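Down below is the structure, laid out as structure tokens.
Here is the naming used below: chain letters follow the sequence lines, and residue numbers restart at 1 for every chain. Given the structure is predicted, the values throughout are model-derived calculations rather than measurements.
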Number of protein chains: 2
Amino acid sequence: MTRAARVAAGVGLAAVAVLAADGRAARPRDAGTTVSAPGPRDPVEEASARLIGAALVSRRAYQDLADLCDRIGNRLAGSEALDRAVAWSMERMRAGGLEGVRAEEVKVPVWIRGEERATLLHPLERPLPMLGLGGSVGTPPGGIEADVVVARDFAHLESLGEAVRGRIVLFDVPFTDYGETVAYRGRGASAAARLGAVAVLIRSVTPTSLSTPHTGALGYAGDAPRIPAAALTVEDAASLHRLADRGIVPRVRLEMGARTAPDGTSANVVGEVRGREHPGEVVVLGCHLDSWDVGQGAQDDGAGCVTVLEAARLIGALPQRPRRTVRVVFYTNEENGLRGARAYAEQHRDELPRHVAAVEADTGSGAPLGFRVHVPGGGDGGAESPLAGEVMDRLRGVGVLLEPLSAAHLRLAHGGADIGPLVTAGVPGFGLDQDMSGYWPIHHTAADTFDKVDPKLLARNVAAVAVLAYWLAEIPESLPRPPPGGAAP
Amino acid sequence: MTRAARVAAGVGLAAVAVLAADGRAARPRDAGTTVSAPGPRDPVEEASARLIGAALVSRRAYQDLADLCDRIGNRLAGSEALDRAVAWSMERMRAGGLEGVRAEEVKVPVWIRGEERATLLHPLERPLPMLGLGGSVGTPPGGIEADVVVARDFAHLESLGEAVRGRIVLFDVPFTDYGETVAYRGRGASAAARLGAVAVLIRSVTPTSLSTPHTGALGYAGDAPRIPAAALTVEDAASLHRLADRGIVPRVRLEMGARTAPDGTSANVVGEVRGREHPGEVVVLGCHLDSWDVGQGAQDDGAGCVTVLEAARLIGALPQRPRRTVRVVFYTNEENGLRGARAYAEQHRDELPRHVAAVEADTGSGAPLGFRVHVPGGGDGGAESPLAGEVMDRLRGVGVLLEPLSAAHLRLAHGGADIGPLVTAGVPGFGLDQDMSGYWPIHHTAADTFDKVDPKLLARNVAAVAVLAYWLAEIPESLPRPPPGGAAP
């Protein structure tokens, strides 16, 4: 079996010894890390090279993103802007030659920020730039005025005990990594409310700031009063903390008109490149079309959407389509409900056994590094799944194709929020892994704008997704998945 | 003459040959760049080492800055906050042992920002974060609503001709360096008004942005209507520019309540370490106490003020004071009028012939690099002054002392705004030169806050200013200056 044939079959180079033991000769050019001699390429390698070249010279994804950002802008679930974005997406998919373009209706929560403002009253009066957290309740008219007590973390909050009652709690927690720090955005309000706090403020979840507040969803626990919650800038959280450390108790007035309206109607937008042999077998390419209600949603997740769309368009423009269908899904309501992801899994339940893989792009537009591989069947990213070893071995075939993009790092990890329900249903998941150093400073802020997207990096992301998607749709035998009913994640 | 004696006398090492020709022996350890042998230090070197050590271990400047930023905050001319800052400064100077602490009254312009807002109306409606430019007139109630025409620079504006009439001009000029780019903030409004523009917007003057508008002063020319002017974020300037490039004319409503009230009363704050031999001879250490009306004025110019104050305190705490007086001057109204600088020069006119030098710190709190030397008498930084060569030669004496701080780079250049009138009157000027890479992104913004100040770099700045000030106040013969009446800059 030649190297080319093994790439096409999805059999890794490390399987060479096994194959040789099976009686088939391993040719010298198959050996380890030596440079391969030139030779005729197989069709999968040819297609991969063609996709990479086409992706790197195309400006279509970049131009689409500019159009989405500048003409539609941010698009929270329930907003008219998201409705316009749904229509725009269908138009773009159709113009790009995708088939079966449709909007699949989804009921979504409607959270409305309303007017909001925080004001420092003591020791001086000045505005505090802020953003209410998504899902927060509002304050009574006129706002909530209280002294501020600063908590360094959850344990410190607990130690404050009665000092919290009637106060506004400020969590001034330095950014370590997103997963660790975002816990205060998610759970801070209820933790403070259990101790009698009247409102909660968090330091924005970011490593750096230019007076830039970051929003994002909170979750209210069932056992705690629902109190208003907002993010201050890193700068102001630090200033209030310094004052408190010097024995000066800051006093703040928080005014938030936030409210949750009855559910609205939105849609997942779907379009396909139908497979030539098995059109009923599907590789999902996912992103989310909604964004928070600030900035342009350029990197969260406009970039992901134009990336998967362009990857599908390029696959559709190949001389020969892959065996299976590549289906683009622009999910709705990722940010504050995940209703789009759940609705897709529910509405397509009967199809899911023939979903051979799901790929998600939702971490910005930094340089592609590889993919997080989420094997169904248990553990973090599927690490406890009995299939993990086999899947990772098979993936060496696509690693060879991704290597020219420096995007061949494949690791077991959570694939992504929108494809989560699919992985739970047994579908192997893939999350595009990217350099996120430029992402956290603009994440969920007014600064998530088009100008920060590098067109050449965006093109490399398109290439990486296209290569993986094509390979998943073309390999003769799709990746292994757990038996029906055995895929609890 | 020993090296130590030459340092004390302010005679540079390069003067060795001349001195030798004068009949005095140059000892081997004086030669060029060789490492000096250890030996007894002279009193100036001893004092310099003591100042450096004291500055690097002191946290006083850092603590003062936190107090100014957190308890008083920003402080525009005419504001109550600036009045509080004047009182705070006098208290800090007195507590630090300075003598003759006083507030010297200055009439200042009073510009009031008022409520302000910019809204994109077409192709979508959304707020545009902005800051009106200092000194701008306001809009009529209800604002100005007009189509936007984008100009890439002044020449492009001129080429647009009649297309400007009745429009809002947006100058979307990329940041090159401050001096070049700030011209659009300063002169853009009048240039656009001459062609019939109804308002002007500029891209904020900064290399980077997180949706962070930058304010700053404009100047209206006498021959043009006064139209409202504001800065947009880099992000929004880029977005509007992209729309215009695609043939979509952005429409904007600009509402500004800005107005200029009658002059108010403020003060320069002055305090001294009186000289032991020539108390009437003065080395000024200047900064400006006022700031723009956003952020905390931490680096512009709170850092400069706590730097010169701490430098003076450390000099005052030496076992022996320098021969001449070191006078700290916290100027008022640098940002939008320079009235403090002019008032000081006017109120102290009779003293100026005995002002032997003026040092200014007003470029943030980055690593100290050296000093801009402004020799009175003509040309950029005095480059055309017949005294330039002699002054630079004399300064080698202090270069030796600054070298351990990596702050020995001395170059002819403009010294600074507040000491400008003193240089014009014949006083040699010195501007603390600093690494400004972290300064422009926060300059004149809500992000000019204390958290961005590094205490160790601040301490190094204190040390550099203290060493230069001490040397200027101690050298037996002060630096040469032009003859009276011959100091036109």
statement: The reported gap from CG in Leu254(B) to OG in Ser136(B) (rounded to nearest 0.5 angstrom) is 8.0 Å
Value rounded to 0.5 Å, distance of CG in Asp177(B) from CE in Met436(B): 10.5 Å
query: Which one, Leu124(A), Thr208(A), Thr449(A), Ile72(A), leads in non-hydrogen pairs under 4.5 Å with chain B?
result: Leu124(A)
Chain B contact via Arg71(A) - side chain, backbone, both or neither, heavy atoms under 4.5 Å: both
message: With a 4.5 angstrom heavy-atom cut-off, is it the side chain or the backbone of Thr233(B) that approaches chain A, or both, or neither?
response: neither
message: I'd like to verify something: which residue of Arg84(B), Arg242(B), Lys452(B) has the highest number of heavy-atom pairs under 4.5 Å with chain A?
response: Arg242(B)
message: Side chains of His122(B) and Asp147(B): any donor to acceptor distance under 3.5 Å?
response: no
task: Quick one: do Trp88(A) and Asp67(A) satisfy side-chain hydrogen bond (donor to acceptor under 3.5 Å, both in side chains)? Show the steps, please.
output: CA-CA 9 Å; Trp88(A) 176 90; Asp67(A) 200 48; 2.9 Å; yes
